Number of protein chains: 2
Amino acid sequence: MPPRSRHSPAEALALDTYVKLMRASESVTARAHTVLPADLTFTQFAALEALYHRGPLFQSELASKLLKSGGNLTLVVDNLERDGFVTRERDSHDRRFIRVALTTKGHKLIATVFPRLATSLANEFAALTPAEQTELARLCKKLGLGSPSPAAAPAP
Amino acid sequence: MPPRSRHSPAEALALDTYVKLMRASESVTARAHTVLPADLTFTQFAALEALYHRGPLFQSELASKLLKSGGNLTLVVDNLERDGFVTRERDSHDRRFIRVALTTKGHKLIATVFPRLATSLANEFAALTPAEQTELARLCKKLGLGSPSPAAAPAP
DNA sequence: GCACATTATTTCAACATTGAACCATCATGC
DNA sequence: GCATGATGGTTCAATGTTGAAATAATGTGC
C-alpha cells in the first residue's frame, strides 16, 4: 500500500511549490551553464564573477558571498591559483587574512565569459514576460528572507 | 576602474531575477534541511523519498528522478545499502537492471522524517500567501520548461 | 608580558557530483 | 549461433562540499 498523502493543505501547497522552485533553479542553471567553458566549474565562475564585480576580496568574504564554507574556498582558490586566474596575497596589517585578486588572465576570462552567461540567462528568462520576471523576483526575495515564524526563531 | 554594467535591460532583469531565484532555493533548502537527521544527506533523503512515494525503482529510474548521473547513484545507493536503508536486487528478466527497494528500517526512517520536512517547508512558505505560492509555482513551472527560443534549440 | 578567547585559514575524512572508460547483459541482423 | 551495437551499472579521476580538528595570528584582560 502506497502511503496516502496525509498533509495539510498548507503542506501540500508548500511541497508542490518547493519542487517546482527547485526544478526551475536546477534546470535554468544547467541550461545556462552550457555556455561556460567546459573546464570552468560553476563555483569557479561564481568566484571569478565576484572578484570581477567587486574587486579583490578576502577568502572569508568570498566564502560568505558564495554561501560556501571556508574549507571549500581554500580548495576553490587553490585550483584557480594553480590555473593562473587569481593570486593570493597576505594582508600586511593582519596576516591572518588572505586577499584574492584576479590576474590579467583571470580578468580576461571572466570579461569574456560573463556577458555570454548574461545573454544565456536573458534567453532562459524570456520564457516569462518582464512583469512576470519582476513578480518572480519579488516572491523569491520575500521567500529567501524567511518567515518570522516562531518555529524558525533560534533561542535568544 | 570597475567594469560598468553593459547589459541590455532584458539581461539586467534576468540576472537580478536569477540571483534571487538561486538565493531563495538555496536558503529555503538550507533552513528546511535542518530538521533532517544530521547523518542523512539531502541526496540520500531524496532517494528514500522517491522510493517511499513510488515504490521500488531501478537505479536508472532513480537517477533520472533525482536529475543525477548514473555513477553518482551507484555511490548513493552503496551508502544507503551499507546503512541498511535499501536493498539491491537484480531483475530476473533483464539482469542488467537493479531494483532498489526500501528495507523496513528505511521505510520507518522516511515515514518519520518526511512529515517533519513537510511541516518545515510549510513553515518556510508561510512567508508567502497561498495565492503567492500558487503564482510562484506557476512561474517556476513555466520557467523550468524552458523557452522555445531558437538559441536553445539543439541541432536536429 | 602572559594566559585566553577570537578569527582566518588549512587540513582531513566523508560524501556528492560529473564525465569518461569499462564491463556485463541483452537485442538485432546476418 | 555470432558479430554488432545498445543499455544498465560500476569504476576512476577530478572537483565540490561540509564540518570538525588543527594552525597561525590577533586582540583582551590581568
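Because the structure is predicted, anything quoted here is derived from the model rather than measured. Basis for what follows: all heavy atoms, side chains included, without hydrogens, waters or symmetry-related copies. Residue numbering restarts at 1 for every chain, and letters A, B, ... go by the order of the sequence lines.
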Q) Is any NZ, NE, NH1 or NH2 atom of the basic residue among A:Glu81 and A:Arg88 found under 4.0 Å from an Asp or Glu carboxylate oxygen of the other? A) yes
Q.
Quick check: do A:Glu132 and B:Arg138 have side-chain heavy atoms less than 4.5 Å from each other?
A. yes
Q: Could you state whether A:Leu48 and A:Leu75 fall into the same hydrophobic cluster, counting links through intermediate Ile, Leu, Val, Met, Phe, Trp or Tyr residues with side-chain heavy atoms under 4.5 angstrom apart?
A: no
Q: Remember a base hit wins even if backbone is also touched, and classify A:Thr43 as base, sugar-phosphate or nothing at under 4.0 Å, heavy atoms.
A: sugar-phosphate
Q) Would a distance-only check, ignoring hydrogens and angles, find a side-chain to backbone donor-acceptor pair under 3.5 Å from A:Asp91 to A:His93? A) yes
(Q) Among residues 35-42 of chain B, which ones have heavy-atom contacts with DNA chain D below 4.0 Å? (A) none
Q: Supply the atom-to-atom distance B:Cys140 SG to A:Leu136 CG, rounded to the nearest 0.5 angstrom.
A: 5.5 Å
(Q) By the 4.0 Å heavy-atom rule, please label B:Leu66 as base, sugar-phosphate, or nothing. (A) nothing
Q: Could you tell me whether the side chain of B:Glu26 and the main chain of B:Arg23 form a donor-acceptor pair under 3.5 Å?
A: no
Q: Name every residue in residues 92-101 of chain B that has at least one heavy atom under 4.0 Å from any atom of DNA chain C, in order of residue number, or write none if there are no such residues.
A: B:His93, B:Asp94, B:Arg95, B:Arg96
**Q.** Results of ring-ring contact (aromatic ring centres under 6.0 Å, His included) for B:Phe114 - residues two or more places apart only
**A.** A:His7, B:His53
Q. Base, sugar-phosphate, or nothing for B:Arg90, non-hydrogen atoms under 4.0 angstrom?
A. nothing
Q | Close approaches to DNA chain D from residues 70-87 of chain A, in residue order (heavy atom, under 4.0 Å) | A | A:Gly71, A:Asn72, A:Leu75, A:Asn79, A:Arg82
Q. Is A:Leu139 linked to A:Leu13 within one hydrophobic cluster, defined over Ile, Leu, Val, Met, Phe, Trp and Tyr using a side-chain heavy-atom separation of less than 4.5 Å?
A. no
Q) Which residues in residues 57-65 of chain A have at least one heavy atom lying under 4.0 Å from any atom of DNA chain D? A) none
Q: Group every Ile, Leu, Val, Met, Phe, Trp and Tyr by side-chain heavy-atom contacts under 4.5 Å, then state whether B:Met22 and A:Val19 land in the same group.
A: no
(Q) Do the side chains of B:Arg82 and B:Asp78 get close enough for a salt bridge, i.e. N-O under 4.0 angstrom? (A) no
**Q.** Span of DNA chain D in contact with chain B (heavy atoms, under 4.0 Å)
**A.** D:dA6 to D:dT11
Q: Starting at OG of B:Ser27, measure out to CG of A:Leu143 and round the result to the nearest 0.5 Å.
A: 7.0 Å
Q: Hey, could you give me the CG/CG distance between B:Asn79 and B:Leu40, rounded to the nearest 0.5 Å?
A: 11.0 Å
Q.
Go nucleotide by nucleotide along DNA chain D from the 5' end; which of A:Leu67 and A:Asp91 gets its closest nucleotide reached first?
A. A:Leu67
Q.
Applying a strict under-4.5 Å side-chain criterion to I, L, V, M, F, W and Y, I'd like to know whether A:Phe58 and A:Leu102 cluster together.
A. no
Q | Short side-chain donor-acceptor distance under 3.5 Å, B:Tyr18 and A:Thr29 | A | yes
**Q.** Value rounded to 0.5 Å, distance of CD in A:Glu61 from CZ in A:Phe97
**A.** 8.0 Å
